[in-house]
Amino acid sequence: MKKTKADPKGVLTGAHYMDGDHALAEGALAGGCRFFAGYPITPSTETAERFSSRIPHVGGVFIQMEDELASMAALIGASWGGKKPMTVTSGPGFSLMMENLGLAVMMETPLVIANVQRGGPSTGLPTLTGQQDMMQAKYGSHGDYEIIALSPDSPQECFDLTIEALNLAETYRVPVLIMTDECVGHMHEKVIIPPAEEIEIVERKWYTGPKDEYLPYKNDKDLVPFMVKAGDGYRFHTTGLTHDERGYPIITAECQKVNVTHLIEKIRKNADKIIKIEEDQTDDAEILIVSYGITSRVAVRAVQKARRAGIKIGTLRLITAWPFPEKRIRALSKKVKAIVVPEINYGQMVKEVERNSVDRCKIYSVPHLGGWVHDPEDIYKVIKEASK
Amino acid sequence: MKMTEIRFSGFGGQGIIRCALISGKALSLYDKKNASMNQSFGPEARGSACSSQLVVSDDRVLYPYITRPQILISMSQEAYENYEPELRDDGILIIDTDLVKLKPLRGKIKMFAIPSTRFAEEMGNRIIANLVMMGFFTAVTKVVTPEAMKKALPGLVPDRFLDLNIRAFDKGYEYGLRILEESKKKRPKAKPKVASKPKAKATPRATVKTKPKAAAKTKPTTKPKPKTKVKPTTKPKLKKK
Amino acid sequence: MKKEDRLEKNPIEEYLRMDRIPHIWCPGCGIGTVVTSFIEALKKNKEDLDKVAVVSGIGCTGRVAGYVKMDSFHTTHGRAVPFATGLKLANPDMKVVVFSGDGDIFGIGGNHFIHAARRNMDILIICVNNFNYAMTGGQVAATTPMTANASTAPYGNYEYSFSLPYLADACGATYVARWTALHMRRVTKSIQEALNHRGLSLIEVITPCVTLYARRNRLGDGLNLLKYYYDQSVIEHGADTRTLDIAYQGKLVCGKFIDKEKPTFLDAMNTHLSNVLGDDYELYGRINNEND
């Protein structure tokens, strides 16, 4: 994995007051994204607006496509053309993107999609928040695969995690999702953009061997194949069909097993390196709160109240939602009495918590169907109930 | 941990969102506070009720929305009527004298009024009424420093109007200081603070009003303002899909 | 032995992935001939194969990407055009060719085509039109002529069909031609021209679908139908694109209908942003085609 420093042209060093959507665009530019294809959709449009106004000064392409199907296809094309591409969307657009998200997974194409989540299903709540696409992020496209999804809790993290997402996409040749939400997307806060030389950028894993020996899907030690780009004379082939190391379609159960196992294992076996979580006071906790994104901030208010009431409570924030931090949840579930999972949906990530804690402790879901964040009091009530 | 919740409200086109952005930027970048700014999003655009909110804290802001604001700024009747009930009993209410007709004040709510739109018109452009209001707000609440507010302006107001905006801010700020000064002078003579029914202490030009009638009496010198609802005149700005 | 080798070597071998031959197309299908014409055009133009990419969608023609020895992408159904758009914009010095079928480009991918044409995206689209969805078993398509039989129009088609050149013209394509597969030399020439054309080019090539469309409609074997289409063709260069509808087993107006110059997407982007932003604008890609 070759690392370099960010290109100063894209880095707006300094302290800014901006919302999450704008921070996504700045993160993209700082992280080396020079190709953005998207379709306007509330509440994510501000990212496209900012990118389109900034990119002419930085050098790159912004194109507003005819729909999200096209945006994703253009991203994959651009990635094979050598760019680090990104798009941004929300629920309805995310659903359309699922089609070519599968192609990106199958072709092992680095790219980044930010989903500024809003309430669903369907058109739902265009202007109001939700965290209802968390399972779609993992399972939305058909077939078996693994993916990386990050969950920022502030505009600052929208900036930081976009750079991280671009780097992870290159490291693992995989599409990376940034699962933020309307609340963070539209919330203005201080965002510090560091100097370019302090921003680490992961270069694509370029193949450098003899041209006629290049195999686009031959595993390297870290399970990630080397990549080349179109126009460099490798005359490679790639397909959405089940394929062998050469990228040639092989329509058999045997090839399917090798191909799909690889897609899954390259993420699962590297999960420890990918996963980022943030813990607070989990050492002697009897109650554990697992949350992510904006909900993790809201939950802290309930946690503070619980501590004042003498409840031993710790928090775990998922910065990486997928792959899920299974090991850590398993370990904590052996120590705590109960795990409380507030999220702005009817209970999605709580299923993962349940799966990994089996019956070792009680699990409490604190659902909220979107449109607003939780009332901290509602979370507190469940904490109290759990601590009994 | 000290936390202040502020709601800015008015109608679309007055620069209500801008007010929160300027204050939030000033607090976050120049006053070393944490300020999270949120706005109500809807398909409405110019002319309809509009509000933005700011949560200010010494530590990190956790809950991103306001619940019971300590400060409410209302630049339209509809906004005032919508948001006045959520203001804390000991909160601060700031209104545009000419645009808001007051109801009786609740509890210990402190009220400050300024004819910000009229001042702006006198300065040549109604569009800077929000900056007059921001100057006034800065003076009477002391939540944010005037230096920080002025530093926050570049980038949030058009460059060519920066001077005008600063002058508008100063106008409101000086007016605010004067009002504070005047109310201080009067305060010692006023009845004990505990008085449940604060008596009217009529001040010149109905500025610090504690009695609803005072407001009713104030005659708007500007064109009649929409009393309640103004229909959106433009198409919805935000795409709903 | 060497002599025999030479004899057996196909002259277009270096353009094909020989390790993937034999191909999947039926005997008598016209797709292979169109591929041959494409390769002939590359040869005659002396194109640097390192700088030519082929993008296909899904379907019988969608398999072309898998057989040509260039950077080649077999993408999802209908999305070859936006994929090519991304590829072209990321790598403006490449020639990007979309090679796919009528159902792929004008059925499921119709929206992408009209927008790529509107933008005058600098890509060449070779659309093999066989009047039905062949890969899935001969279903009715947006190009199926009225009354023709299809597996999902068992009593004959009653939907109006697209006239591809008319659609392309209306949407802003700057090079539009139509041929039948048996017009091999003319197809080759059109592809040669289109490879050097800056902007969106569409070449429609009408081919028989022997196994499905022809058999279901009792139109004889592939060779007969190839010849029939050829015989039914009338060459009218520059014909009014409004007059190019295709009736069932009717006259096929062929020729080059549109060949005009208009700034491409990237030209327009660079020119406009340079005008508006002056020196603040970072020029993107190359401005002038060296081949011009």
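Source: prediction; values computed, not measured. Just so we're on the same page: letters track the sequence lines, and every chain starts at 1.
Screening residues 86-96 of chain A for side chain to side chain donor-acceptor pair (under 3.5 Å) gives A:S95-A:Q136 as the qualifying pairs, with residues at least two apart or on separate chains.
Heavy-atom distances place the backbone of A:V58, and not its side chain, under 4.5 Å from chain C. Of the two parts of C:L49, the backbone and the side chain both hold a non-hydrogen atom closer than 4.5 Å to a non-hydrogen atom of chain A. Looking at C:A53, neither its backbone nor its side chain comes within 4.5 Å of chain A, counting heavy atoms on both sides. Both the backbone and the side chain of A:A230 have a heavy atom closer than 4.5 Å to some heavy atom of chain C. Contact of A:R34 with chain C is not made at all, since no heavy-atom distance falls under 4.5 Å. For C:L273, the part lying near chain A is the side chain, with the backbone staying farther off; criterion is any non-hydrogen pair under 4.5 Å.
Heavy-atom pairs under 4.5 Å with chain C were tallied for A:G233, A:G102, A:A37; the largest tally goes to A:G233. Of the listed residues C:I58, C:V52, C:D19, the one with more heavy-atom pairs under 4.5 angstrom with chain A than any other is C:D19. By number of non-hydrogen pairs under 4.5 angstrom with chain A, the leading residue of C:V68, C:T75, C:D48 is C:T75. Looking only at heavy-atom pairs under 4.5 Å with chain C, the residue among A:G240, A:G60, A:G247 that has the most is A:G60. Chain A forms the most heavy-atom pairs under 4.5 Å with one residue out of C:L89, C:T85, C:V54, and that residue is C:L89. Chain C forms the most heavy-atom pairs under 4.5 Å with one residue out of A:G231, A:P85, A:G59, and that residue is A:G231.
Annotation for C:Y284 and A:V61: closest pair CE2-CG2, 3.2 Å, computed over non-hydrogen atoms. The two residues A:P249 and C:R20 come nearest to each other via the heavy atoms CG-NH2, 3.3 Å.
Residue A:E197 places its CD atom among more than 12 non-hydrogen atoms of other residues, nucleotides or ligands, all under 6.0 Å distant. The number of heavy atoms from other shown groups lying within 6.0 Å of NZ (A:K5) is above 12. Within 6.0 Å of the NZ atom in C:K69, the count of heavy atoms belonging to other residues, nucleotides or ligands does not exceed 12. By the 6.0 Å contact criterion, OH on C:Y281 is enclosed, its count of non-hydrogen atoms from other residues, nucleotides or ligands being greater than 12. The environment of A:K218 atom NZ is sparse: at most 12 non-hydrogen atoms of other residues, nucleotides or ligands sit within 6.0 angstrom. Heavy-atom neighbours of C:F265 CZ from other residues, nucleotides or ligands within 6.0 Å: above the threshold of 12.
Side-chain atoms of A:I63 and C:M121, non-hydrogen and from C-beta on, do get closer than 4.5 Å to each other. Contact check for C:R17 versus A:H237: side-chain heavy atoms found under the 4.5 Å cut-off. A heavy-atom distance below 4.5 Å is not found between the side chains of A:P56 and C:E282. The shortest side-chain heavy-atom distance between C:R79 and A:L103 does not fall under the 4.5 Å cut-off. By the 4.5 Å heavy-atom criterion applied to side chains, C:R63 and A:L241 are counted as neighbours.
Listed by sequence position, A:A70, A:A73, A:A74, A:I76, A:G77, A:A78 are the residues of residues 70-78 of chain A in contact with chain C, using a 4.5 angstrom heavy-atom cutoff. At a heavy-atom separation below 4.5 angstrom, chain A is approached by C:N111, C:H112, C:H115, C:R119 within residues 105-120 of chain C.
Every residue two or more places apart in sequence or in another chain that forms a side chain to side chain contact (heavy atoms under 4.5 Å, CB included) with A:D212 is listed here: A:P210.
You'll find the ring centres of C:F73 and A:F236 inside the 6.0 Å limit.
Side-chain polar atoms of A:Y234 and C:D50 form no donor-acceptor pair below 3.5 angstrom.
Using a cut-off of 4.0 Å between Lys/Arg side-chain N and Asp/Glu carboxylate O, A:K229 and C:D71 are scored as not salt-bridged.
Taking CG of A:D232 as the reference point, atom NZ of C:K51 lies at 6.0 Å (rounded to 0.5 Å).
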